[in-house]
Participant: 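Mind having a look at this structure? Questions to follow.
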Amino acid sequence: MAVRTHQSQRRRQVLTRERIVETAVELLDASGKDALTVRALTGRLATGSGAIYWHIGNMDELLEAATDAVVATALARPAASDEAVGAPQDEIRAVALGLFDAVAEHPWLAAQLAAQLIRNPWGPVTLRIFESVGRPVSALGVPRDDWFTTTSTLVHYVLGATAQTSQRADGFEVDRAEFLATASRAWRDLDPDDYPFMRAVADQMREHDDREQFLTGVNLVLTGIAALHIKGD
């Protein structure tokens with residue numbers, strides 16, 4: 001009787017697209033893209049493959065939906081906090097840091113953001129990111145004819161930098177401190193005549209903070225936008 005009651009309760013649970021997407025994110029977080037299979041989903045959700053496909057269509061669609069769900073959450077955080085204080089520059093920084101932090105929390109996300117930008121520029125992920133960056137860009141006073149180029153520059157920096165600093169990509173894991181220490185030693189051992197700059201920044205590279213470096217890059221782009229706009233006036 002207890003077993004039958006338990007099974008009945010599981011069957012009464014409503015299987016929705018949202019539940020499937022949430023479970024997909026959990027699987028991706030735990031073991032990466034290869035872990036996202038119909039078999040894994042049916043096991044987690046106690047349902048059949050037909051019910052999964054009825055809601056999602058195919059696995060590519062589910063991966064896009066999972067990516068979009070994480071991005072939507074990441075972009076909603078700054079809006080609900082004190083990070084964005086109203087100025088367009090602050091809004092852009094908050095959006096950028098929201099995406100950076102999301103990649104840190106979801107190691108599979110960096111590759112999917114890049115893939116969506118290239119393969120599906122009309123899809124929800126690309127549209128959501130461009131809209132979140134483009135609105136404050138337009139509010140900066142950038143000429144309308146330069147909106148796309150300026151926004152694209154910011155988006156490409158943000159996504160490229162987040163991918164580069166992601167601690168895990170496609171299942172590859174390294175210890176950050178050990179990796180940077182090894183690289184720093186290699187830079188210090190370079191020929192001083194051929195690589196004076198690389199030797200000079202070896203210790204800085206070892207000690208740098210990824211998030212701080214990322215925000216510095218965003219600020220450099222914003223400074224460039226302001227300088228170009230002032231010059232244009």
Side-chain angles (χ1 to χ4, degrees), residues 29 67-68 70-117 125-142 146-169 172-181 183-184 187 197-198 200-231:
D29 286 348
T67 303
D68 186 49
V70 172
V71 169
T73 299
L75 297 180
R77 288 176 186 169
S81 71
D82 294 331
E83 288 187 64
V85 296
Q89 294 93 332
D90 293 328
E91 187 175 349
I92 290 169
R93 292 186 189 98
V95 168
L97 288 174
L99 292 171
F100 183 91
D101 292 340
V103 168
E105 294 174 21
H106 308 276
W108 55 272
L109 183 61
Q112 293 309 312
L113 291 177
Q116 291 299 322
L117 185 65
V125 176
T126 303
L127 297 179
R128 193 184 299 278
I129 292 173
F130 263 81
E131 188 69 22
S132 297
V133 176
R135 287 186 184 181
V137 163
S138 66
L140 283 172
V142 174
D146 294 328
W147 283 2
F148 174 73
T149 299
T150 303
T151 301
S152 296
T153 299
L154 275 163
V155 169
H156 282 105
Y157 169 75
V158 168
L159 298 188
T162 54
Q164 183 178 359
T165 56
S166 178
Q167 294 301 300
R168 292 189 298 172
F172 177 69
E173 298 186 34
V174 297
D175 180 86
R176 181 182 183 276
E178 181 180 347
F179 177 81
L180 292 180
S184 179
W187 286 13
F197 173 79
M198 300 299 288
V201 300
D203 290 337
Q204 295 176 29
M205 184 271 292
R206 186 188 67 242
E207 298 168 0
H208 82 278
D209 177 87
D210 289 336
R211 198 172 190 269
E212 181 180 328
Q213 182 188 57
F214 171 76
L215 187 56
T216 296
V218 173
N219 288 333
L220 286 172
V221 177
L222 290 174
T223 299
I225 292 171
L228 287 172
H229 177 61
I230 292 172
K231 185 183 297 184

Participant: Should the heavy atoms of other residues, nucleotides or ligands under 6.0 Å from CZ of R128 be counted, would the total exceed 12?
Facilitator: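 Yes.
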Participant: So, do R93 and N219 sit near enough that their side-chain heavy atoms are less than 4.5 Å apart?
Facilitator: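 Yes - at least one pair of side-chain heavy atoms lies under 4.5 Å apart.
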Participant: Identify the two heavy atoms, one from A161 and one from F214, that lie closest to each other, and give their separation to 0.1 Å.
Facilitator: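 Scanning both residues, the minimum pair turns out to be CB-CD1, 3.6 Å.
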Participant: Using ring-ring contact (aromatic ring centres under 6.0 Å, His included) as the criterion, list what pairs up with F148, not counting sequence neighbours.
Facilitator: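 None.
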Participant: Between P136 and P88, which heavy-atom pair has the shortest distance, and what is it?
Facilitator: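 Result for this residue pair: O-CB, 3.4 Å.
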Participant: When rounded to the nearest 0.5 angstrom, what is the spacing between CG in L113 and NE2 in H106?
Facilitator: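 Here the rounded value is 10.5 Å.
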Participant: Find out whether V70 and Q112 are in side-chain contact, i.e. whether some heavy atom of one side chain is under 4.5 Å from a heavy atom of the other.
Facilitator: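 No, too far: nothing below the 4.5 Å cut-off.
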Participant: Contact between S184 and D203 at the side-chain level, heavy atoms closer than 4.5 Å - yes or no?
Facilitator: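 Side-chain contact under 4.5 Å: yes.
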Participant: Can you check whether F130 reaches L117 side chain to side chain, under 4.5 Å on heavy atoms?
Facilitator: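 With C-beta onward as the side chain, the pair touches.
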Participant: Keeping S138 on the side-chain end and R135 on the backbone end, is there a donor-acceptor pair under 3.5 Å?
Facilitator: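 Checking the backbone N and O of R135 against the side chain of S138, a donor-acceptor pair under 3.5 Å is found.
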Participant: Do V158 and V133 have side-chain heavy atoms sitting under 4.5 Å apart?
Facilitator: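 Counting from C-beta outward, V158 and V133 never come under 4.5 Å.
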Participant: Output the distance between atom CD (E105) and atom OG1 (T73), rounded to the nearest 0.5 Å.
Facilitator: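 E105 atom CD to T73 atom OG1 measures 9.5 Å (nearest 0.5 Å).
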Participant: With rounding to the nearest 0.5 angstrom, report the CG to CG distance, L159 to L154.
Facilitator: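 Reported to 0.5 Å precision, the distance equals 10.5 Å.
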Participant: For L99 and V103: C-alpha separation, side-chain torsions, deciding distance, then whether side-chain contact (heavy atoms from CB on, under 4.5 Å) applies.
Facilitator: CA-CA 6 Å; L99 292 171; V103 168; 5.8 Å; no
Participant: Would you mind reporting whether R211 and D101 have side-chain heavy atoms less than 4.5 Å apart?
Facilitator: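 Yes - at least one pair of side-chain heavy atoms lies under 4.5 Å apart.
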Participant: In sequence, state the C-alpha distance, the side-chain angles, and the governing distance for L228 and D146, and then conclude on side-chain contact (heavy atoms from CB on, under 4.5 Å).
Facilitator: CA-CA 11 Å; L228 287 172; D146 294 328; over 6 Å; no
Participant: At their closest point, which heavy atom of R206 faces which heavy atom of L180, and how far apart are they?
Facilitator: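 Between these two residues, the closest heavy atoms are O-CD1, 3.6 Å.
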Participant: Do F100 and D210 come close enough that some side-chain heavy atom pair is under 4.5 Å?
Facilitator: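 Touching, per the 4.5 Å side-chain cut-off.
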Participant: Closest heavy-atom contact between S132 and E91?
Facilitator: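 Result for this residue pair: O-OE2, 4.5 Å.
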Participant: Would you check if W187 and F197 make a side-chain contact, meaning some heavy-atom pair closer than 4.5 Å?
Facilitator: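 Side chain of W187 against side chain of F197, heavy atoms only: no contact under 4.5 Å found.
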Participant: Mind checking the CD-CG spacing from E212 to L215? Nearest 0.5 Å is all I need.
Facilitator: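 Those atoms lie 8.0 Å apart.
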Participant: Surrounding CD of E178 (heavy atoms of other residues, nucleotides or ligands, distance under 6.0 Å), is the total greater than 12?
Facilitator: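 Open.
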Participant: For W147 versus V137, what's the shortest heavy-atom pair and its separation?
Facilitator: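 Looks like O-CG1, 4.4 Å.
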Participant: Can you tell me how far apart OG1 (T153) and CD1 (I225) are? Round to the nearest 0.5 Å.
Facilitator: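 Going from the OG1 atom of T153 to the CD1 atom of I225 covers 7.0 Å.
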Participant: So which atom in T151 and which in G134 form the shortest heavy-atom distance, rounded to 0.1 Å?
Facilitator: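 Taking T151 first and G134 second, the nearest heavy atoms are OG1-CA, 3.6 Å.
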